[in-house]
Amino acid sequence: MRALFEKVQILNKRCNWSFIFGVGFFIAVIISLTKSTFWVSDWLVEHQDAQLKKLTVLGQPYYSSEQEIISAIKRVDLSSYFELDVKAVQQSVMSLPWVASVSVRKQWPDQLHVYVVEHQPVAIWNSDLLLNEEGEVFQAPNESLTNKLPQLYGPEGSETEAWQTFLQLKAMLEVNQFHLVSLALSERFAWQLWLDNGMRLNLGREEKAKRVQRFIDVYPQMQRPEGALIDAIDLRYDTGLAVSWKYPQVEAQQNKSKA
C-alpha cells in the first residue's frame, strides 16, 4: 500500500494538473462559443425577413406634409428590417423640395425613425428661387409661403454676400424708420436698394454702409417740390447725392388722357 501511495505522489509531481485543467477549460469555452455562433447565425437566417412595424417621423416639418414624407420613405423597400437601406431612405426624403437634412435610424426590433429638418426661407432669390438662413439657394414652390419675403437679385455665387449685406443695411435703415424690402447686385457688383415706399437708392460698388448713412443723415433736410415724391437717390458721389423725382398726380392725369 505504501508503495502505491509513493507511485501516486511521483505521478502528481510529473503531471501539471493546473495546466491540464486550464487547457480543458479553454477547450470547453471554445466549444460553447462555437455553438453560440451557430445559434445566432441560424436565428438571423430564420428572422432575416423581419418586417418594420412602426414608422416615426420626427422634427417639425411645416411646408412638407406628413403624407409627402411617408410617401417618399415608402419609395424604398421596407419589407425587411435587416436589409433596409438607410441611406436610400435618407436620399428619398432629401428629394422633397423643402427638406434641408434628414437622419434615419433603425431601432430594434421593428422600428424606423426619420428626423426631418426643413429649409427656413428668408428671401426670394432672382424671382424664382429661395434663400435659407445660411444664404443657401434652394428651389421650392413659392405659393407655400405664408409671409411676404424680401426680394434679392444678384449673379450666381453672390447669394451669401447679398443676404449678409441685406441684413446689415436693413438694420441700419430700421433704426431710422426706413424699411428695406429689396436689394440687387449687378454683374458689375454695383448695389441698389428699394424701400417699402418705392424709393430706390443707388449705392455703387464701394462704401455701401457709408453711403446709406449719408442718405439717413441728409433725408430729413431734403426739400421736395410741390406734388413730388422721391423716385431714386444716387449716392455714388464722394460727397452729396442726386435726386430724381416723380409726380404721381401728373402721371395719373396723363394716363387718364391716353385711355
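When all heavy atoms are compared, the tightest approach of Glu68 to Ser64 is OE1-CA, 3.4 Å. For the residue pair Phe138 and Leu131, the shortest heavy atom distance occurs at CE2-C, 3.8 Å. Pairing each heavy atom of Phe166 with each of Ser182, the nearest pair is CE1-N, 4.3 Å. Closest approach of His113 to Leu58, counting heavy atoms only: CB-CD1, 4.4 Å. The heavy-atom pair separating Ser144 from Tyr63 by the smallest distance is O-CE2, 3.4 Å. For Pro109 against Tyr81, the heavy-atom pair with the smallest separation is O-CD1, 3.5 Å.
Atom-to-atom distance recorded for Glu174:CD and Asn176:CG is 10.5 Å, nearest 0.5 angstrom. Summarising the geometry, atom CG belonging to Asn197 is positioned 8.0 Å from atom CD1 belonging to Ile230; distances are rounded to the nearest 0.5 Å. Remark: Asn202 CG to Leu241 CG distance equals 11.0 Å, nearest 0.5 Å. Gln120 CD to Asn132 CG: the interatomic distance, rounded to the nearest 0.5 Å, is 9.0 Å. Put simply, NZ on Lys170 and CZ on Phe178 are 14.5 Å apart, with the number rounded to the nearest 0.5 Å. Note: Glu83 CD to Asp77 CG = 7.5 Å, rounded to the nearest 0.5 Å.
With a 6.0 Å radius and a threshold of 12 heavy atoms from other residues, nucleotides or ligands, Gln139 has its CD atom at or below the threshold. The 12-atom threshold is exceeded at CD of Glu136, counting heavy atoms of other residues, nucleotides or ligands nearer than 6.0 Å. More than 12 heavy atoms of other shown residues, nucleotides or ligands fall within 6.0 angstrom of atom CZ in Arg214. No more than 12 heavy atoms of other residues, nucleotides or ligands sit less than 6.0 Å from atom CG of Asp238. Atom CZ of Arg75 has more than 12 heavy atoms from other residues, nucleotides or ligands within 6.0 Å.
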For a side-chain contact (heavy atoms from CB on, under 4.5 Å) check, start with the C-alpha distance between Met222 and Val243, then their side-chain angles and the critical distance, and finish with the verdict. CA-CA 10 Å; Met222 295 177 61; Val243 181; 3.3 Å; yes
Let's go through Ile73 and Leu78 carefully: what are the C-alpha distance in whole Å and the side-chain angles of both, what is the deciding distance for side-chain contact (heavy atoms from CB on, under 4.5 Å) to 0.1 Å, and is it a yes or a no? CA-CA 9 Å; Ile73 295 171; Leu78 305 177; 4.1 Å; yes
Evaluation steps, side chain to side chain donor-acceptor pair (under 3.5 Å), between Ser71 and Gln67: CA-CA 6 Å; Ser71 295; Gln67 186 57 49; 3.2 Å; yes
Starting from the C-alpha separation in whole Å, work towards a yes-or-no answer on side chain to side chain donor-acceptor pair (under 3.5 Å) for His179 and Asp196. CA-CA 6 Å; His179 301 287; Asp196 63 344; 4.7 Å; no
Evaluate the criterion side-chain contact (heavy atoms from CB on, under 4.5 Å) for residue pair Val137 and Asn126; output intermediate values, then yes/no. CA-CA 10 Å; Val137 175; Asn126 288 338; over 6 Å; no
Start with the C-alpha gap between Leu193 and Val212, add the side-chain angles, then the distance that decides, and say whether side-chain contact (heavy atoms from CB on, under 4.5 Å) holds. CA-CA 10 Å; Leu193 310 180; Val212 168; 4.0 Å; yes
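Side-chain contact between Thr56 and Leu112: absent, with no pair of heavy atoms (C-beta onward) separated by less than 4.5 Å. A heavy-atom distance below 4.5 Å is not found between the side chains of Val76 and Lys74. Taking the side chain as every heavy atom from C-beta outward, Pro225 and Tyr247 approach each other to under 4.5 Å. At a threshold of 4.5 Å between non-hydrogen side-chain atoms, the residues Leu183 and Thr165 count as touching. Residues Phe215 and Leu201 meet the side-chain proximity criterion, which asks for heavy atoms closer than 4.5 Å. For the pair Gln192/Arg200, a side-chain contact is recorded, criterion being any heavy-atom separation below 4.5 Å from C-beta on. No side-chain heavy atom of Ser186 sits under 4.5 Å from any side-chain heavy atom of Trp191.
In terms of modelled atom types and a separation under 3.5 Å, the side chain of Ser92 and the main chain of Val89 share no donor-acceptor contact. Between the side chain of Arg211 and the backbone N or O of Leu203 there is at least one donor-acceptor pair closer than 3.5 Å.
Note on residues 96-123: no pairs pass salt bridge (Lys or Arg N to Asp or Glu O under 4.0 Å), not counting sequence neighbours.
Taking a cutoff of 4.0 Å between a charged side-chain nitrogen and a carboxylate oxygen, Lys87 and Asp85 do not qualify as a salt bridge.
Because its NZ or CZ atom is both nearer than 6.0 Å to the ring centre of Tyr219 and within 45° of the ring axis, Arg224 counts as a cation-pi partner of that residue.
Residue Val181 is not grouped with residue Ile216 when hydrophobic side chains (ILVMFWY) are merged at heavy-atom distances under 4.5 angstrom, including chains of intermediate members. Connection of Val114 to Tyr62 is not established within any shared hydrophobic cluster, with ILVMFWY side chains joined at heavy-atom distances below 4.5 Å, either directly or through further cluster members. Hydrophobic clustering (ILVMFWY, side-chain heavy atoms < 4.5 Å, transitive): Phe189 and Trp163 are in one cluster. Hydrophobic cluster membership is shared by Trp125 and Leu169, with clusters built from Ile, Leu, Val, Met, Phe, Trp and Tyr side chains linked at under 4.5 angstrom. Taken together through direct or relayed side-chain contacts under 4.5 Å among Ile, Leu, Val, Met, Phe, Trp and Tyr, Leu149 and Trp98 form part of one hydrophobic cluster.
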